[in-house]
Amino acid sequence: MSLFPNTFGIAAGALDAMLAPAPLRIESGIERLPSGVVRVAVRTDLPNCKGRMLDWWFKEFDTNQHLLMWHPVDHVEHRGWDAHWRKGQSYVGATIRAVESLGDIPPVAAVIRFHDPREAFSPGAYDAACDRGDASLAVIARIGFGDDVELDAAGDPLQGVMVHVVRDTPFGAVLRSCFLLGPAHGHVVPDAVALGLLQHCSSEFGYLSRCLPSLYWADPANRADVPAMW
């Protein structure tokens, strides 16, 4: 199964470079591809966080309060997970609906359907990166924005793709994010929207990194590696 709609003109292996520690040509910025798709790249440092903490977060957050912890300004409303989400167990295959702003862009509805992380990369690339320690987690999804998000037969939004790759470091973790936004309803995505998404992504994970370790260790299941503060 491919993560990318046929209209994107993108092969799965095109994102394999996100799995390597070497610098990318664009770590944070936007570019418009020949297909008309806009690529948004974001690099965010996550002090004291690890990939396992982000994985735990996606399995746990389910309230407006959680969204406000994640971004107290841009996040507006949690509209719920579908029945495929299993709290504390899995988000792959599940769809979430929410309302959020993108920087200065007014609040807009969002639909996000999560996929197996291996679908974003060439066969074997993700597992090999994890084995090498070059990646500790990938979170990928099909995404759409607006009140009339177009879905395919499987329930995937057709507008865009989201890929997050976490690499653990001695200081915490580095998060690389990539969004691919295709034309919606015959209109290309304006640069202002792409830049708003860049700002939003960097900010939301910056906010989350400040509170995520404590939230993670507050779960009794994660008490084994709580660091001593004294």
Side-chain angles (χ1 to χ4, degrees), residues 1-31 33-35 37-46 49-60 84-86 88-96 112-144 151-182 201 205 209 212 216 222 225:
M1 180 176 182
S2 174
L3 179 69
F4 308 102
N6 292 334
T7 55
F8 275 31
I10 296 170
L15 297 184
D16 285 0
M18 292 181 67
L19 297 170
L24 300 176
R25 187 171 68 88
I26 299 178
E27 291 280 2
S28 289
I30 67 172
E31 64 175 342
L33 306 181
S35 61
V37 170
V38 176
R39 175 176 175 263
V40 180
V42 191
R43 178 189 168 99
T44 310
D45 289 326
L46 307 177
C49 296
K50 300 296 180 184
R52 67 179 183 277
M53 296 180 182
L54 266 295
D55 185 57
W56 173 87
W57 175 253
F58 279 94
K59 295 173 182 174
E60 291 291 333
H84 296 286
W85 185 73
R86 299 190 301 279
Q89 299 181 47
S90 177
Y91 49 90
V92 172
T95 297
I96 186 173
I112 304 172
R113 184 170 187 260
F114 293 87
H115 281 245
D116 186 300
R118 293 162 186 82
E119 293 177 32
F121 311 104
S122 58
Y126 175 63
D127 291 324
C130 290
D131 291 342
R132 293 192 304 269
D134 290 344
S136 56
L137 175 71
V139 177
I140 70 170
R142 292 270 288 272
I143 60 176
L151 306 177
D152 66 14
D156 277 318
L158 293 174
Q159 183 182 2
V161 170
M162 175 184 79
V163 178
H164 297 301
V165 176
V166 184
R167 175 170 57 88
D168 291 352
T169 72
F171 293 98
V174 172
L175 172 67
R176 277 178 171 156
S177 303
C178 176
F179 300 88
L180 299 166
L181 304 176
C201 180
F205 283 102
S209 70
L212 181 58
Y216 173 81
N222 303 325
D225 64 349

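The chain is numbered in sequence order, starting from 1.
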First locate atom CZ of R86, then atom NZ of K59, and finally report the distance between them rounded to the nearest 0.5 Å.
10.0 Å

Is it the case that the side chain of D168 and the backbone of G51 share a donor-acceptor pair, with hydrogens and angles ignored and the cut-off at 3.5 Å?
yes

Show the numbers, then the answer: is there a side chain to side chain contact (heavy atoms under 4.5 Å, CB included) between Y91 and I96?
CA-CA 9 Å; Y91 49 90; I96 186 173; over 6 Å; no

Distance from I140 atom CD1 to C178 atom SG, nearest 0.5 Å?
11.5 Å

Minimum side-chain heavy-atom gap D152-L158 below 4.5 Å
yes

Side-chain heavy-atom pair T169, R167 within 4.5 angstrom cut-off
yes

For a side chain to side chain contact (heavy atoms under 4.5 Å, CB included) check, start with the C-alpha distance between V165 and F121, then their side-chain angles and the critical distance, and finish with the verdict.
CA-CA 11 Å; V165 176; F121 311 104; 3.8 Å; yes

Identify the heavy atoms of G182 and V37 that sit nearest to each other, and give their distance.
CA-CG2, 4.1 Å

Can you check whether L54 reaches H164 side chain to side chain, under 4.5 Å on heavy atoms?
no

K50/D225 salt bridge by N-O under 4.0 Å criterion
no

Donor-acceptor pair, side chain of W85 and main chain of F58, under 3.5 angstrom:
yes

Rounded distance (nearest 0.5 Å) linking atom CE of M162 with atom CZ of R113
13.0 Å

Counting C-beta onward and ignoring hydrogens, is there a side-chain heavy-atom pair between R142 and V161 closer than 4.5 Å?
yes

Starting from the C-alpha separation in whole Å, work towards a yes-or-no answer on side chain to side chain contact (heavy atoms under 4.5 Å, CB included) for M53 and L46.
CA-CA 11 Å; M53 296 180 182; L46 307 177; over 6 Å; no

Would you compute the distance between atom CG of L181 and atom CD of Q159 and round it to the nearest 0.5 angstrom?
6.0 Å

Begin from the C-alpha positions of F205 and S209 and carry the test side chain to side chain contact (heavy atoms under 4.5 Å, CB included) through to its verdict.
CA-CA 6 Å; F205 283 102; S209 70; over 6 Å; no

Considering only heavy atoms from C-beta outward, does the side chain of V174 approach that of D45 to under 4.5 Å?
yes

State whether the side chain of S28 and the backbone N or O of R43 hold a donor-acceptor pair below 3.5 Å, judged by distance alone.
yes

Quick one: does any side-chain atom of Y216 pair with a main-chain N or O of W56 as donor and acceptor, under 3.5 Å?
no

Side chain to side chain, D127 and R118, heavy atoms closer than 4.5 Å
yes

Quick one: pull up CZ in F114 and CG in D156 and give me the separation to the nearest 0.5 Å.
12.0 Å

